[in-house]
2 protein chains.
Amino acid sequence: MNPPDSTPRPPGPGPGRVRVGPLLRLAQRRAAHTFADALRPLGIEGRHYGVLLNLNLHGPLSQRRLIDLTGGDKSSMVRTVDDLETRGLAVRRPSPTDRRAYAVEITEQGRALFAEASVVADDVATRLLGHMDEGDQDLLCTLLERFVAAPEA
Amino acid sequence: MNPPDSTPRPPGPGPGRVRVGPLLRLAQRRAAHTFADALRPLGIEGRHYGVLLNLNLHGPLSQRRLIDLTGGDKSSMVRTVDDLETRGLAVRRPSPTDRRAYAVEITEQGRALFAEASVVADDVATRLLGHMDEGDQDLLCTLLERFVAAPEA
DNA sequence: TATTGTTATACTCTATAACTATA
DNA sequence: TATAGTTATAGAGTATAACAATA
């Protein structure tokens with residue numbers, strides 16, 4: 001039968017945890033679209049920005065390490081680093097410690113474009129988070145950091 | 001009426017709102033993989049679970065409304081509802097108020113499988129969030145709810 | 001034996017447009 | 001004119017396996 005039980009339960013603090021998957025999906029899509037639109041004039045996409053951010057933060061990294069830090073798989077990372085190298089934003093140098101690996105390094109041009117992109121990213125973040133309390137904005141980022149810092153199962 | 005930013009963020013290695021994009025990407029990938037693996041034995045994917053969850057929560061919904069609630073686009077939603085209907089987990093009924101639209105409704109079988117899937121989802125959520133403090137787990141979900149509840153730009 | 005990076009391939013997801021029937 | 005849903009198609013993203021060089 002048709003139970004008139006259409007109880008529109010408010011998304012209160014109740015059964016939230018099972019929704020973490022669907023919620024992350026929605027949140028990521030919203031952020032990805034906004035970022036993509038904003039970065040398009042700079043000629044890069046989110047995946048490029050993520051790599052530049054980590055190269056700028058941590059110094060030269062192997063593609064393996066970049067995959068762990070930004071997500072994706074080996075073949076995608078090859079394409080992303082190819083793109084960055086073609087545009088002169090990063091270079092592949094031989095790793096000093098592992099002859100199998102590269103040390104992908106950000107260039108001067110890369111740093112310059114990353115600085116531009118960071119202004120854009122900050123503006124995007126402001127738009128994405130602007131409807132939330134200021135404290136909650138930082139809290140969300142902090143909790144996301146903790147979430148992704150999970151020990152590998 | 002935001003007060004002037006009296007709490008300056010450390011611009012250095014701190015959380016940093018500019019990282020909300022890359023962080024959401026990482027978080028979503030982690031959750032999506034874990035959910036997909038766990039739901040596979042039940043024969044559904046994350047997108048199906050998201051639709052069932054909202055149908056169970058809100059009652060019959062148009063495909064338009066489902067898109068707003070779960071993300072995706074019109075063609076993807078057609079496929080997802082097709083899948084659910086083929087498996088007898090949901091049915092398309094004519095909308096009582098709009099003859100263009102369907103009222104997608106969860107079936108008895110749908111509720112049964114959703115109950116199973118929710119057990120799985122809860123287990124997955126426990127694994128995904130298990131390394132965080134209990135309070136932080138709920139807080140993350142609550143903040144994600146607020147994040148995706150942004151007024152459409 | 002395992003791992004880094006490359007290449008090739010297939011598959012899924014996404015975006016877009018055209019179309020209908022309604023509003 | 002605009003919207004709900006369908007269909008078709010192209011493009012991007014993703015997963016997978018094979019391979020060479022090195023650990």
Side-chain angles (χ1 to χ4, degrees), chain A residues 21-22 24-26 28-37 39-40 43-51 60-86 90-105 152, chain B residues 21-22 24-26 28-37 39-40 43-51 60-86 90-105 152:
Chain A
L24 280 172
R25 175 183 153 93
L26 266 182
Q28 201 274 334
R29 287 178 61 91
R30 185 165 99 90
H33 277 110
T34 312
F35 268 102
D37 290 346
L39 289 176
R40 193 164 297 124
I44 62 171
E45 302 168 27
R47 60 198 169 94
H48 302 112
Y49 177 72
V51 167
L61 296 169
S62 70
Q63 294 182 190
R64 220 305 139 229
R65 191 95 182 79
L66 283 170
I67 290 166
D68 294 336
L69 288 167
T70 65
D73 56 302
K74 293 199 285 185
S75 13
S76 303
M77 188 53 66
V78 169
R79 279 193 307 119
T80 301
V81 176
D82 280 351
D83 294 344
L84 294 176
E85 207 166 30
T86 300
V91 287
R92 284 182 171 99
R93 300 193 187 286
S95 163
T97 60
D98 187 337
R99 293 203 297 178
R100 293 171 304 179
Y102 290 124
V104 181
E105 194 175 337
E152 299 195 20
Chain B
L24 280 172
R25 176 183 153 93
L26 267 182
Q28 201 274 333
R29 286 177 62 93
R30 186 165 99 90
H33 278 110
T34 312
F35 268 102
D37 290 345
L39 289 176
R40 192 165 298 123
I44 61 171
E45 303 168 26
R47 60 199 170 93
H48 303 113
Y49 177 72
V51 167
L61 297 169
S62 70
Q63 295 182 191
R64 214 322 127 221
R65 190 95 182 80
L66 283 170
I67 291 165
D68 294 337
L69 288 168
T70 65
D73 56 303
K74 294 198 285 185
S75 15
S76 303
M77 187 53 66
V78 170
R79 278 191 307 117
T80 301
V81 177
D82 281 350
D83 295 343
L84 294 176
E85 208 167 29
T86 299
V91 287
R92 284 180 170 100
R93 301 193 186 286
S95 162
T97 60
D98 187 338
R99 292 204 298 178
R100 295 172 303 178
Y102 291 125
V104 181
E105 194 176 335
E152 299 194 21

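From a predicted model like this one, the values you see are computed outputs, not experimental measurements. Note on naming: letters A, B, ... go to the chains in the order of the sequence lines (proteins, then strands), and numbering restarts at 1 for each one.
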Residues forming a salt bridge (charged side-chain N to carboxylate O under 4.0 Å, His left out) with [X], sequence neighbours excluded:
X     : value
B:R40 : B:D37
A:D98 : A:R100
A:R93 : A:E105

Which residues satisfy the side-chain contact (heavy atoms from CB on, under 4.5 Å) test with [X], sequence neighbours excluded?
X     : result
A:L26 : B:V148
A:R30 : A:L128, A:H131, B:F147, B:A150
A:R25 : A:R29, B:Q28
A:R47 : A:E45, A:R79, A:T80, A:D83

Integer-rounded Å distance: [N] [atom2] and [X] [atom1]:
X     : N      : atom1 : atom2 : value
A:E85 : C:dT6  : CD    : P     : 9 Å
A:R64 : C:dT4  : CZ    : P     : 6 Å
B:M77 : D:dT3  : CE    : P     : 18 Å
A:H48 : D:dA12 : NE2   : C1'   : 12 Å
A:D83 : D:dA12 : CG    : C1'   : 12 Å
A:Q28 : C:dC13 : CD    : P     : 14 Å
B:R92 : D:dA4  : CZ    : P     : 15 Å

**Complete:** Note: B:V78 and B:R92 closest approach over all heavy atoms is O-NH2, 3.5 Å
**Prompt:** Just wondering, are more than 12 heavy atoms of other shown residues or ligands nearer than 6.0 Å to CZ in B:R65?
**Reply:** no
Please produce a list of atom pairs where a protein N or O lies less than 3.5 Å from an N or O of nucleotides 13-17 of chain D.
unit_1, atom_1, unit_2, atom_2, d
D:dG13, OP1, A:E45, OE1, 2.9
D:dT14, OP1, B:R29, NH1, 3.1
D:dA15, OP1, B:H33, NE2, 2.4
D:dA15, N7, A:D73, OD2, 3.3
D:dT16, O4, A:S75, OG, 2.8

**Request:** Check whether any side-chain N or O of A:Q63 sits under 4.0 Å from OP1 or OP2 of C:dT3, and answer yes or no.
**Result:** no
Can you tabulate the close N/O pairs, meaning under 3.5 Å, that link protein atoms to atoms of nucleotides 20-23 of chain C?
unit_1, atom_1, unit_2, atom_2, d
C:dA23, OP1, B:R99, N, 3.1

